[in-house]
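Scroll down for the structure; my scribbles are underneath it.
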Amino acid sequence: MTTEADRGALPADATQERAQERDQDREPDQEPDQEPDREPERAPDAAAPPRALRYAALGDSLTAGIGDPVDGGWRGWAALLGAGVGDPGAGVRFHNFAVSGALTRDVEEKQTPAVLDFAPDIASVVVGVNDTLRRAFDIQDLALRLDRVCGALAARGTVLLTTCLPDPGSMLGLPAPLATPLARRQRAVNAVVHALAARYDTVHLHMAEASWVADRSLWSADRLHPAERGHRMIAARFHVLLAERGLALGPEPSLAADQTPPSRAATLRWLATSGTGWVARRCRDLLPELLRLAGDEVTHWARGTGARLDLHAELALSRALAALSPGAPLARMGE
């Protein structure tokens, strides 16, 4: 007879089998009749602080700040721009690697390795005028060096800033036989810079415009470097271009100058003192070549064959552009 207590009871063998099944379902280290261990919930990670944007400036005396004196040194457009790029909450790490008198060779061999170690987010590469003032000017060598500099930085994801520049002959007001060959060289340099600007999608500023050159209040006494107003204008125009790409979130550099533009008397004093030494240092290298170039200009002008000199320059530029890394678009002289 089966009592109420016995109803539904399993046979002894079946009870033992159920107990074994429960033991098999447990975790290896789990004690009988205990819940499995659970990992404690982790608190969400705190947001990392924003990283300071890094800006490096490469180039010559223009970027070194000549013409914009402050506190016994030089400031310049790059330093003015550096204060307004990036996120104001994160700050900016700015380093000026530019050196007065630097050639394109110096930018590639001396400045670029240090800049790559700095690992900038933005880098300005402005150079070339000093090359046009040298006897051994070689547009193809300049083009290849600039291409390697821009390529090395762009490969790291760096946003590049470039600009075309006015020719020194027109800035100094030299006679046509002397100014024309210098202008031809600078136009070739600008064409190379334009090609590389398109190749590497740089933030490019046009500084060879006639209105910019004609405004003497923007230039220092030496007529080759911007005065404070000129440096401020370069910085402000670059800031606008960077802001269009979302890379300049800080304040735009002010155009209000702290110093008065150089007077005519100051310009004459510079030419009679510092300017004389400056010209003499370059004449030791450039003058014999410049006189030869001027002689060629006068000879071809007298013969009515001046177009040949332009053609030779165009051919040299074409060879230089053809030697650039694959993908670099071509540009014409004067573009």
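Under the 4.5 Å side-chain heavy-atom criterion for grouping Ile, Leu, Val, Met, Phe, Trp and Tyr, L174 is not connected to L309 through any hydrophobic cluster. One hydrophobic cluster, built from ILVMFWY side chains closer than 4.5 Å, holds both I234 and L255. No single ILVMFWY cluster, assembled from side-chain heavy atoms under 4.5 Å apart, contains both F94 and L249. No path of Ile, Leu, Val, Met, Phe, Trp and Tyr side chains, each step under 4.5 Å between heavy atoms, connects L80 with M233, placing them in separate hydrophobic clusters.
Taking all atoms of both residues into account, the shortest heavy-atom contact from V213 to S170 is CG1-OG, 4.5 Å. Nearest approach of F137 to L142, heavy atoms of both residues: CE1-CD1, 4.4 Å. For the residue pair P166 and V129, the shortest heavy atom distance occurs at O-CG2, 4.5 Å. What you find for A123 and L153 is that their closest heavy atoms are CB-CD1, 4.1 Å. When all heavy atoms are compared, the tightest approach of A83 to P251 is O-CD, 4.3 Å. Between R156 and L116, the shortest heavy-atom contact is NH1-O, 3.4 Å.
Side-chain contact check for V107 versus T112: some heavy-atom pair is nearer than 4.5 Å. Between V127 and L146, the closest side-chain pair of non-hydrogen atoms falls below 4.5 Å. Using a 4.5 Å cut-off on side-chain heavy atoms (C-beta onward), W74 and S100 make no contact. The shortest side-chain heavy-atom distance between D121 and R51 falls under the 4.5 Å cut-off. Between V99 and D60, the closest side-chain pair of non-hydrogen atoms is not below 4.5 Å. Within the 4.5 Å cutoff, the side chain of L53 has heavy atoms near those of the V85 side chain. Side chains of L324 and L196 form a contact here, defined as non-hydrogen atoms less than 4.5 Å apart. Counting only heavy atoms from C-beta outward, the side chains of L247 and I122 approach each other to under 4.5 Å.
Annotation for R105: atom CZ does not count as buried by contact number, only 12 or fewer foreign heavy atoms lying within 6.0 Å.
Remark: W212 pairs with W219 by the ring pair (Phe, Tyr, Trp, His ring centres under 6.0 Å) rule, at least two apart or across chains. Among residues two or more places apart in sequence or in another chain, the ring pair (Phe, Tyr, Trp, His ring centres under 6.0 Å) test is passed with Y200 by none. Evaluation of the side chain to side chain contact (heavy atoms under 4.5 Å, CB included) rule for P253 yields A235, H239 as partners, not counting sequence neighbours. Scored by the side chain to side chain contact (heavy atoms under 4.5 Å, CB included) test, A98 finds T63, A64, N96 as partners (sequence neighbours excluded). Applying the salt bridge (Lys or Arg N to Asp or Glu O under 4.0 Å) rule to R292 yields the partners E289, D296; only residues at least two apart in sequence or on another chain are considered. For H204, the ring pair (Phe, Tyr, Trp, His ring centres under 6.0 Å) partners two or more places apart in sequence, or in a different chain, are H194, H206.
With values rounded to the nearest 0.5 angstrom, L133 atom CG is found 7.5 Å from L224 atom CG. Separation of atoms CZ (F238) and CG (L205) is listed at 4.5 Å; rounding is to 0.5 Å. To the nearest 0.5 Å, atom CG of residue L81 and atom CG of residue L242 are 6.0 Å apart. Here E108 contributes atom CD and C150 contributes atom SG; the two are 10.5 Å apart, rounded to the nearest 0.5 Å. To the nearest 0.5 angstrom, T180 atom OG1 is 13.0 Å from H300 atom NE2. Considering CD of Q186 and CG of L182, their distance stands at 9.0 Å, rounded to 0.5 Å.
A side-chain donor-acceptor contact under 3.5 Å links S217 and R229. A donor-acceptor contact closer than 3.5 angstrom is absent between the side chains of S220 and H225.
Under 4.0 Å is where a charged nitrogen must lie from a carboxylate oxygen, and between D310 and R184 at least one such pair does. Taking 4.0 Å as the cut-off between side-chain N and carboxylate O, D258 and R232 count as a salt-bridged pair. Contact check on E297 versus R308 returns no salt bridge, with no Lys/Arg side-chain nitrogen under 4.0 Å from an Asp/Glu carboxylate oxygen. Contact check on R245 versus D201 returns a salt bridge, with a Lys/Arg side-chain nitrogen under 4.0 Å from an Asp/Glu carboxylate oxygen.
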Quiz item: So T104 and V189, side-chain contact (heavy atoms from CB on, under 4.5 Å) or not? Walk me through it.
Solution: CA-CA 11 Å; T104 305; V189 172; over 6 Å; no
Quiz item: Going through the checks in order, is the salt bridge (charged side-chain N to carboxylate O under 4.0 Å, His left out) test met by R75 and D68?
Solution: CA-CA 6 Å; R75 178 177 53 188; D68 183 24; 2.9 Å; yes
Practice problem: Check step by step if side-chain contact (heavy atoms from CB on, under 4.5 Å) holds for L58 and V126. | Solution: CA-CA 7 Å; L58 300 83; V126 181; over 6 Å; no
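Under a 3.5 Å cut-off, the side chain of H231 and the backbone N or O of G76 do not form any donor-acceptor pair. At distances below 3.5 Å, not a single donor-acceptor pair connects side-chain atoms of R187 with backbone N or O atoms of D167. At least one donor-acceptor pair closer than 3.5 Å links the side chain of R185 to the backbone N or O of T132. Checking side-chain atoms of D71 against main-chain N and O of G73 turns up no donor-acceptor pair under 3.5 Å. Of the possible donor and acceptor atoms, one in the side chain of D106 sits under 3.5 Å from a partner among the backbone N and O of L103. In this structure a side-chain-to-backbone donor-acceptor pair under 3.5 Å is missing from T158 to A154.
Seen from the ring of F118, R54 counts as a face-on cation partner, given the 6.0 Å and 45° thresholds.
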